[in-house]
Amino acid sequence: MAPPAQSQRSPSPSQPSGKSEVSDLKLQLRQLAGSRAPGVDDSKRELFKKVISYMTVGIDVSSLFGEMVMCSATSDIVLKKMCYLYVGNYAKVNPDLALLTINFLQRDCNDEDPMIRGLALRSLCSLRVANFVEYLVGPLGSGLKDSNSYVRMVAVIGVLKLYHISASTCVDADFPSILKHLMLNDSDTQVVANCLSALQEIWSAEASTSEEASREREALISKPVIYYLLNRIREFSEWAQCLVLELVTKYVPSDSSEIFDIMNLLEDRLQHANGAVVLATIKVFLHLTLSMTDVHQQVYERIKAPLLTLVSSGSPEQSYAVLSHLHLLVMRAPYIFSSDYKHFYCQYNEPSYVKRLKLEMLTAVANESNTYEIVTELCEYAANVDIPIARESIRAVGKIALQQYDVNAIVDRLLQFLEMEKDYVTAEALVLVKDLLRKYPQWSHDCIAVVGNISSKNVQEPKAKAALIWMLGEYSQDMQDAPYILESLVENWDEEHSAEVRLHLLTAVMKCFFKRPPETQNALGTALAAGIADFHQDVHDRALFYYRILQYNVSVAERVVNPPKQAVSVFADTQSSEIKDRIFDEFNSLSVVYQKPSYMFTDKEHRGPFEFSDELGNLSIGGEAADNVVSAQRVEENDKDLLLTTSEKEETRGSSNNGSAYTAPYDGSSTSVFALQTHIESAISNPTAADHSPQASLAIDDLLGLGLPAAPAPPSPQLKLNTTAALDPSTFQHKWRQLPVALSQVCLNTQ
Amino acid sequence: MISQFFVLSQRGDNIVFRDYRGDVAKGTAEIFFRKVKFWKEDGQEEAPPVFDFGYVQTTSTEVLKSYIFNEPIVVDAARLQPLGPAAIFMQGTKRMPGTAVTKSVLANEPGGRKREEIFVDIIEKISVTFSSSGYILTSEIDGTIQMKSYLTGNPEIRLALNEDLSIGRGGGSVYDYRSSSGAGAVILDDCNFHESVRLDSFDMDRTLALIPPDGEFPVMNYRMTQEFKPPFRINCLIEEAGHLKAEVSLKVRAEFPSDIVANTIVVQMPLPNYTTRVSFELEPGAVGQRTDFKEANKKLEWGLKKIVGGSEHTLRAKLTFSQESHANITKEAGPVSMTFTIPMYNVSRLQVKYLQIAKKSSSYNPFRWVRYVTQANSYVARI
């Protein structure tokens, strides 16, 4: 229908208006209703258009119901269509009025024009009024047998509509088995596809109460049905092909020759220009071959080219959707894509969401043979005008370094970054060098030499500053100026806005003090005083803690604050493998684009008729989720839990810290966390065991020259802790993850 | 399956709103609008039967046409943003002013009878990255054979491509340039085809058979990393020239035959962000060139209306800085990027050898237009 003039569209639905226009229309419709004058249909059309356009923008025109129905006694198909649309929209809220329409709709269902039969049936079934179901059964029954495929198409969906209004009426009329028959025999593939959609919905809903329905649902993915649909797949529309392919992914072939038959049959679908068809086919291939490692790998090889072609044709949005899927596959099997790394190079005019994915892929596929080239390319992006991408690129270089291979050359590159004298480059590089040193302490010499040249005044970003300070503390024995740099930082305590940086400063000064006491003494005193007076609770607490433990015993303090550290071997993954597997199960859906399994962003009732993987989810989440009414929110919480309970226990402490955003370093390996606890325990509860004396604490007071009168007494004896406390790692992990996040971070940072 | 379908105006009002299943909470559209500032202005159309109860029935425009009875109101084509890739051929768009191939697509003969004609466009978007020494780091061609048919009665069409065309580069990296056989052979990495294309004889004689649907659609998309001769060579020098000064020299050489003319060329180059002033010096006798220093993002822009094959153009720019540069100046500037359109030229050498239309009668001889165009996708030279 024609676009209405601008003025008709202008009333906003938020401000109900058009009252007078509506009553005006009512009057005009009434005048035309009985008229048989020539050209009356044209005038009616104009009025109907107005009504419909009001309706579509949300103006309530339901008061015109009677007039509209009266006017639709016509053979003009345009008028009929508009009237059907109108009636469908308002019948539900106006059941009494809707009754008026039943009569003429039923009559139209027997019209000789199939178009009118179809439209009338469609409207009849769209009334959504429970009392009318008795009027639907007859027309639907004949519609399903209609000689015209359009009418059958409409009737099939009509059955589904009926089912949702009154399931029992639909089942009692034996419609599902008629649909089944149509699905397997109709000449029109759209009728077949509609039957499939309708049956999937009906039988899934019935399956919970009826065993037969449950069997029927299973029968949809039985060999005869699947083969029948597959053999006709080329006749289906692209949409319906996707529907069939999705069904095929649920089919479990009996042997490998069947798998090959299906794949051979679908092979040419990979050459389809429609990305949805290709992705759906790929999903079938991937799922069929899951248990056949070699073939599965061949599938990856086979689908590479079609995916890359889809990525480079079509709109940026389409190509992003495909790229997300490619990204998923690359992350699952980076080695298969290692020779294709050049495809993941960023083009200067790509949107940054595409670049970001590509950078992750480049990081993933880096191996011995291509690392040099990839890192060279990434270094080009570091000078990019797009600063967020430049940052990501530097991080990517760092991740590759942390991953593996040829660290030597990469360290050089990173150090070159530090010399580029761009603030953000320096900032990112510092964070990376810090991480690198935690994994490869053997590089400290080279790194320290460069880091030592960086003026802390040029580093403003808290993360980077924290990293620099951490290095100053950690390597203060190798950096000649460390105590003095720290001292100047301490002097500017009040100007330091980031609590994170202040926390690091406290710790770094402590570490420096243990290594070079005479040079640091002053700074430590100032830092502790400033820290204790700090308004930030964590900073205050840490300063006080350091102060007390120093006062108590310097060597205990050193063992707590600066214990020998093991190099970090693996940094934590941000997503558990369970989550990744679930996203893979939901291949060819938004889950891949969001990089989240569907339960994290949908309500349970919207998860489609064939949600088998849900059961799987319940299993992995454990007993809590067995409860059916569990909300998505709740599942998500459980899932965060799940992140911490997987096999990666050794690294889990980092899971919140180790994403793309780097946070402060923490020397957490579980042993050192234990060390902290046991040290404190032994030191406090068993004073004689440690070489502790009251003089020592006095000396510290003296040494620091703090103006604190009579430091708070050491913990009172009634707080006596069990010296022989034994905690096995899993119990500890259990307790640990019950701690609120903030608390655990503070603990981690105290070293 | 679709529960609701809506098109919102930029204010968030419903232009089209359909609730197919009644299973989504009210106000979804509003939530959506708040979440995304998505907007699309559209003429209101009575929603054709694309969906029924949220299930897609058909999206083929031809089938849909038969369900729509209102006369269409033709929107002034010049006001619409062209969508398809072949739109670059159309007149009245800003993207490409008058060129040799510009041809009104809607060709009506006097007397109102629609002319029988069919357009086949081979559109290639090329991406090349040159290293600072001029060596090609990566190159790719993303091509489309786009068809627009105005033939009545939808006759069958046969489209023959190069006979030496081969698809898929067996084994090894696709970037292994040495493996590409030199003389003539066109090797596609991969391609895909429109639904209507039948490939029965494709393996034998590289012929595509299809019954084209109305309107514009891609017959075939292809991707190629085979080595090709880049149409332009870019040479860029940036040197310090005294205190707080530097000089940029940009040279562009067209390496295609002299009967081919590239148009709407734009060369861009980011300059050090402490650049305050740029003075340009065009070559003597330069016509149809413009230069600009985009202060906001510190970018040099050089536009050329056209470049004839085989010619070379140079731009010199004197930069003034607000501060001393500490680092290597080449690290602070570039890379140079370029956009262009070259009509009647394609780098892949993929060709439509012939276009055969099933004859309805001996006098039936519709117009056939086969057009080529090459465009820059990402054409970058590092410095």
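Quick note on labels: first sequence line is chain A, next is B, and so on, each numbered from 1.
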Which answer fits [X], side chain, backbone, both or neither, if we ask what part of it has an atom under 4.5 Å from a heavy atom of chain B?
{"X": "A:Tyr348", "value": "both"}
{"X": "A:Leu308", "value": "both"}
{"X": "A:Glu380", "value": "side chain"}
{"X": "A:Asp268", "value": "neither"}
{"X": "A:Thr309", "value": "both"}

**Residues forming a side chain to side chain donor-acceptor pair (under 3.5 Å) with B:Arg198, sequence neighbours excluded** = B:Glu156, B:Asp200
**Asked** Between B:Thr129 and chain A, which part of the residue has a heavy atom less than 4.5 Å away: side chain, backbone, both or neither?
**Response**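 Looking at B:Thr129, nothing touches chain A.
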**Prompt:** So what's closer than 4.5 Å to chain A heavy atoms on B:Asn377: side chain, backbone, both or neither?
**Reply:** both
**Request:** Measure from NZ or CZ of A:Lys304 to the centre of the six-membered ring of A:Phe337 and say whether it is under 6.0 Å with the direction within 45° of the ring axis.
**Result:**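 Yes, A:Lys304 and A:Phe337 form such a contact.
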**Asked** Is the closest side-chain donor-acceptor distance between B:Glu140 and B:Ser127 under 3.5 Å?
**Response** no
**Under 3.5 Å: donor-acceptor pair, side chain of B:Ser131, backbone of B:Ser133** = yes
**Message:** Less than 4.5 Å apart, side chain to side chain, heavy atoms only: is that true for A:Leu310 and B:Asn192?
**Reply:** yes
**Prompt:** Which of the residues B:His194, B:Lys298, B:Glu195, B:Met220 is involved in the greatest number of heavy-atom pairs with chain A at under 4.5 angstrom?
**Reply:**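 The candidate making the most pairs under 4.5 Å is B:Glu195.
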**Prompt:** Given the options B:Pro218, B:Gly143, B:Cys191, which has more heavy-atom pairs under 4.5 Å with chain A than any of the others?
**Reply:**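 Among the listed options, the one with the most contacts to chain A is B:Cys191.
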**Asked** Taking only residues two or more places apart in sequence or in another chain, which ones pass side-chain contact (heavy atoms from CB on, under 4.5 Å) with B:Thr275?
**Response** B:Leu271, B:Pro272, B:Val278, B:Phe293, B:Leu319, B:Phe321
**Request:** Between chain B and each of A:Glu373, A:Gln241, A:Glu377, count heavy-atom pairs under 4.5 Å; write down the option with the most.
**Result:**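 Of the candidates given, the most pairs with chain B belong to A:Glu377.
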**Item:** Proximity of B:Phe130 and B:Tyr135 rings by center, below 6.0 Å
**Value:**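 Centroid distance B:Phe130-B:Tyr135: not below 6.0 Å, so no.
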